[in-house]
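Some notes on the structure that comes next.
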Protein chains: 2
Amino acid sequence: MTVQQSGRRERKKAATRQKIADTALRLFLERGYDEVGIRDVAAEADVAVTTLFSHFASKEALVFEQDQDFEQRLAQAVTGRAPDEPLIPALRREIHALVRHCTAEGAAPIWRMIDGSTALREYEESMRLRHAESLAAAIAADPRLSRTALACRTIARFAIDAYPLARESDEPEAAVDEVFRMVEAAWDAAA
Amino acid sequence: MTVQQSGRRERKKAATRQKIADTALRLFLERGYDEVGIRDVAAEADVAVTTLFSHFASKEALVFEQDQDFEQRLAQAVTGRAPDEPLIPALRREIHALVRHCTAEGAAPIWRMIDGSTALREYEESMRLRHAESLAAAIAADPRLSRTALACRTIARFAIDAYPLARESDEPEAAVDEVFRMVEAAWDAAA
DNA sequence: GACCGTAACACTAACCGTTAGCTTTTCCTA
DNA sequence: TAGGAAAAGCTAACGGTTAGTGTTACGGTC
């Protein structure tokens, strides 16, 4: 009974959040990330600076909106895979999907912007660290896999590493496969 | 032509740099990293804020003074190893030494401070990314190792990953060995 | 020994991301 | 429809960082 479906408040909140994110991305692409200030974004989105920061924890977070989606999808790839599917192929499939998503048509300008800003590159890296840690937790929680906690953390890091390595490669799809042959060998060695 | 070591100017510069670093570390440990401002450090070291920033690129850099040493030692471990020594054991030896250095007596308060600050943890992570890239370059430049450029970058990342994984482990030395069994398997798989 | 170029340092004043403190608006629910 | 809470707003600051502009002290040269 307590669950409210109509939720105008939630819709408005989501709309505000989306408007801020869209405005920010547009301005960043138009004028460059470093040339656009938080106050510019807030003014253009017609919200207060404090409102902006109640929706996004930092300026960089405006760019990596899908952050939490990625994190959940990775954990889901482990916990939600078919009962008989081994870990590594499931992870490879998910990383493949992520890489495809980021190398799709239209995403190029965004990644050019990210590569051009030290702050954004560092933020992305620390984001991946969080992803690796939640992935490690998901792997460690799987009763089918008998490995040490350290091995789980290690393989999580290795798998996440595949993502930037592939993105910076000439042939991202082939790169994922090449890196994952190494990941799989590492996982087998931890048995 | 010849490198002047005795130059009074260089000695004074080095002394200023050292005084700033020592003062900063002392204040950080006394009062906590977040509780000490750049202006505090500059005042206590008796230099101008701009002088501090001409020696250190950021507040975090004050803590990671040995940054470039680490980077050089890693590359050196590859390029300077015995002619018949394989890559992985040489890397393992160096990572062992680094881990021992960071878990030594007296280093504990510094690492407690680092673990307590998000800014410092993120800085350390981006530092490691730089280390991994220069290590990858050193590996790729070795004519004895016939691997793809991607495999070199991959194994460099994997090896660097061992360092934080070990530091956060209960038994750092054993952790290095465990992770490196996986690293070695990955490297063999890339042949 | 006087001279000049330059590296190191200093000072002011800001810029920019971020936050605290507090008020106003919106809208759920009882 | 009133009460209360979530969301948004405003002001003012804090702290890291940099630009602009001198000033000093050293090193090589004549």
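The pair E125(B)-R157(A) meets the salt-bridge criterion, since a charged nitrogen lies less than 4.0 angstrom from a carboxylate oxygen. Using a cutoff of 4.0 Å between basic side-chain nitrogens and carboxylate oxygens, D67(B) and R130(B) are scored as salt-bridged. With respect to the salt-bridge test (charged N to carboxylate O, under 4.0 angstrom), the residues E44(B) and R39(B) do not qualify. E85(B) and R93(B) are joined by a salt bridge, as a carboxylate oxygen and a charged side-chain nitrogen come within less than 4.0 angstrom of each other.
The distance between atom CZ of R8(B) and atom P of dC26(D), rounded to the nearest whole Å, is 5 Å. One atom, OH of Y123(A), and another, P of dG17(C), lie 15 Å apart when rounded to the nearest Å. Atom pair E10(B):CD and dG28(D):C1' shows a separation of 13 Å (rounding to whole Å applied). The distance between atom CZ of R39(B) and atom P of dC11(C), rounded to the nearest whole Å, is 14 Å. With rounding to whole Å, D34(B) atom CG is found 12 Å from dT19(C) atom P. Per the geometry, CG belonging to L62(B) stands 13 Å off C1' belonging to dT17(D), to the nearest Å. Atoms CD1 (I38(A)) and C1' (dC16(C)) sit 9 Å apart, rounded to a whole Å. Between the CZ atom of R9(A) and the C1' atom of dT25(C) there is a distance of 10 Å, rounded to whole Å.
A heavy atom closer than 4.0 Å to some atom of DNA chain D occurs in no member of residues 18-30 of chain A. Near DNA chain D, meaning a heavy atom under 4.0 Å away, the residues from residues 42-59 of chain A are D46(A), V47(A), A48(A), T50(A), T51(A), H55(A).
We find the SG-OH distance between C102(A) and Y163(A) to be 3.0 Å, quoted to the nearest 0.5 Å. In this structure, the separation between NZ on K19(A) and CG on L52(A) is 12.5 Å, given to the nearest 0.5 Å. Atom CG of residue L62(B) and atom CG of residue L25(B) lie 9.0 Å apart, to the nearest 0.5 angstrom.
In this structure, W111(A) and F64(A) have perpendicular ring planes: the angle between them is above 60°, well past the 30° mark.
Across all strands, V41(B) comes closer than 4.0 Å to no nucleic acid atom at all (heavy-atom distances).
Counting heavy atoms from C-beta outward, R81(B) and Q76(B) have side chains that stay 4.5 Å or more apart.
At the phosphate of dC26(D), OP1 or OP2 sits under 4.0 Å from a side-chain N or O atom of K12(B).
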